[in-house]
Protein chains: 2
Amino acid sequence: MHESSGQFEGIPQPPWQRLPDRSARRRRDPISREAIVDTAIRLLDAEGLDTLSMRRIADELGTGAASLYWHVGSKDGLLDLVFDKLIGELTIPGPQPGRWREQLKDVARAQRAVSLRHPYLVRISIGRIPMGPNALRYSERVLAILAAGGLPPRLAVQGSHLLISTVNGFTLDETGVGDDAAEDASAHGAATGHDATTHGPDATVHTHRGSQQGANMVRDYLAALPPQAFPTLVAMAGEYSHADPDERFELLIDIFVDGLARRAASAAGDAKASQ
Amino acid sequence: MHESSGQFEGIPQPPWQRLPDRSARRRRDPISREAIVDTAIRLLDAEGLDTLSMRRIADELGTGAASLYWHVGSKDGLLDLVFDKLIGELTIPGPQPGRWREQLKDVARAQRAVSLRHPYLVRISIGRIPMGPNALRYSERVLAILAAGGLPPRLAVQGSHLLISTVNGFTLDETGVGDDAAEDASAHGAATGHDATTHGPDATVHTHRGSQQGANMVRDYLAALPPQAFPTLVAMAGEYSHADPDERFELLIDIFVDGLARRAASAAGDAKASQ
DNA sequence: GTTCGGCAACGAACATCGTTCTAACATAGA
DNA sequence: TCTATGTTAGAACGATGTTCGTTGCCGAAC
């Protein structure tokens, strides 16, 4: 009170008497955990996972990096919150026993859609056991669908786990290649190429921003391989140009859900037989 | 000159003439790209991915970090080489047309085994298109098995892709949880728990070094959930205690390979019908 | 009305990281 | 012996996650 400190705004503080510069930076709009999570997600969507830093988030909020730590504990804790919040975007319908197969496919499609909308999601999920409130809701509803479909508990639990990891595996290489800011080739090829099997690039080829251009590059590269060493690869190189991710994903969930249904049926048959 | 610098080993250099201290550090054993890659793999196996740094590798080789860059270009380039070298550990058998289903399962098992032996492998593979010499050999042999099994090219290519990503997805959460150096809980729980669905932990629970202890923790936690909100999860909590990864993996590849075989058969049927 | 204590914010600093710069060295050929 | 070239390596740069110590705010107690 008494407007104690910075009362006379015109007179600058003597520079040797170093006082905190509270000119900018209003104490209004106190930062909250939700605001931090939201800006983190906004930055992640806009600029990708690699460029996300505590300081970047703090800048966006008009504060310093240290201020974030009171609310989120650590960057990893923040990513925990981001992860669960994004899982909350998933809406899983209530179980309809006769339609459990289609429902399960819809769940898979929804999960892939979220992972494509936030291409960093799968990478964030690594090493994080999904046990936040939204993740629990998600597991509950998926399990409910499988239980309503008549799967025995063991198979239902295993199936829900496998569904998640299978979709994650698929979207991982769908989203893993091109993140953001296109890097140049870098081609670290020096000498010492003594044991190379082929005359292709030295170790691994990075193809950025996939889509059609990258697919054609891969196809051309494969087609140019020495046929005696890679006969099948050369013969099938053409298939790599029109690789439709949607079609492949549908094939995957078809295989998975059909297979799961078949195990469920055979399990039911076994149970009936041993009755 | 005349054997200018460190010739007479007994006499120390005058300290004001600051020359690089080449007292230790023999010029023998010049570092090579292979030696760098091998040391990196050894460190990765022993200490995990998080603690790997260029300086750590250089220390192990008795040199400085800058010296590595002449050979590998960048850390990412080094990981390219590590990745392809580890893929080289896989040995895929030649195709036996009548046994392609078992062979494909064996491929999956082998891939999982490598990913468990080097738990950082899957994480390294993210964003890396597998086109090194060993990766190409791998793709060639898998495709050869599928082609010998009679799959049409389109299905063979898609199947080989899906096999890799499916196994990766499975091993990702098998190896993703506990890396190395056990961290303490950290529990960043402050106030503002206003919208929590449950009275459980705040956001996400990290269970380290999985196995039985972690499984029991998960089971107990799920069993203690409010049953009206999570009826299915609570009812099936017991299943989470005896979750056998091997059994689940076998279920996965059973489903996958059987499903692929079924598509192959129906594709063959279609081809014959439209003939 | 004044004092006090805890919640919240913040600047500065620390350790570490990947990477670059540049000088020094080693060795082979002239 | 001199030079050219390939190779090593110390120092430094910028950026990162995180911690420390301090400061301010605001309601409760006196």
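As the structure is a prediction and not an experimental result, all values here were calculated from the model. Note on naming: letters A, B, ... go to the chains in the order of the sequence lines (proteins, then strands), and numbering restarts at 1 for each one.
- The CZ-P distance, from A:Arg56 to D:dT16, rounds to 10 Å in whole Å.
- The aromatic ring centres of B:His161 and A:Tyr240 sit less than 6.0 Å apart.
- Closest to the side chain of B:Trp70, out of D:dT19, D:dT7, C:dC10, is D:dT7.
- Applying the side chain to side chain donor-acceptor pair (under 3.5 Å) test to B:Ser67 and every residue at least two apart in sequence or in another chain returns B:Thr63.
- In this structure, B:Leu68 places its CG atom 15 Å from P of D:dT7, rounding to the nearest Å.
- Checking D:dT18, D:dT8, C:dT19 against every side-chain atom of B:Ile31, the shortest atom distance belongs to D:dT8.
- Between the CD1 atom of B:Ile57 and the C1' atom of C:dT19 there is a distance of 14 Å, given to the nearest Å.
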Pairs under 3.5 Å (N/O, protein and nucleotides 13-15 of chain D):
none

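- Straight-line distance from the OH atom of B:Tyr69 to the P atom of C:dC17: 11 Å, rounded to whole Å.
- Rounding to whole angstrom units, NZ of residue B:Lys75 and C1' of C:dT19 are separated by 12 Å.
- Between A:Lys85 and A:Asp38 there is a salt bridge, since at least one side-chain N of the basic residue sits less than 4.0 Å from a carboxylate O of the acidic one.
- If you take CE of B:Met54 and P of C:dC17, they are 11 Å apart, rounded to a whole angstrom.
- For A:Ser67, a side-chain nitrogen or oxygen approaches OP1 or OP2 of C:dC10 to under 4.0 Å.
- Contacts of A:Arg112 classified as salt bridge (charged side-chain N to carboxylate O under 4.0 Å, His left out), with partners at least two apart in sequence or in another chain: A:Glu174, A:Asp246.
- Spacing between atom CG of B:Asp59 and atom C1' of D:dG10 amounts to 13 Å, rounded to whole angstrom units.
- Every residue meeting the salt bridge (charged side-chain N to carboxylate O under 4.0 Å, His left out) condition with B:Glu60, not counting sequence neighbours, appears here in chain and number order: B:Arg42, B:Arg56.
- Residues satisfying the salt bridge (charged side-chain N to carboxylate O under 4.0 Å, His left out) test with A:Asp59, not counting sequence neighbours, are none.
- For the salt bridge (charged side-chain N to carboxylate O under 4.0 Å, His left out) test, no residue two or more places apart in sequence or in another chain qualifies with A:Asp220.
- For B:Asp50 and C:dG18, the CG to C1' distance is 16 Å, given to the nearest whole Å.
- Nearer to the 5' terminus of DNA chain C, by closest-nucleotide assignment, is the contact made by A:Ala66 (compared with the other of A:Ala66 and B:Ala65).
- Nucleic acid contact for B:Leu52: sugar-phosphate only, since backbone atoms but no base atoms lie under 4.0 Å from a heavy atom of the residue.
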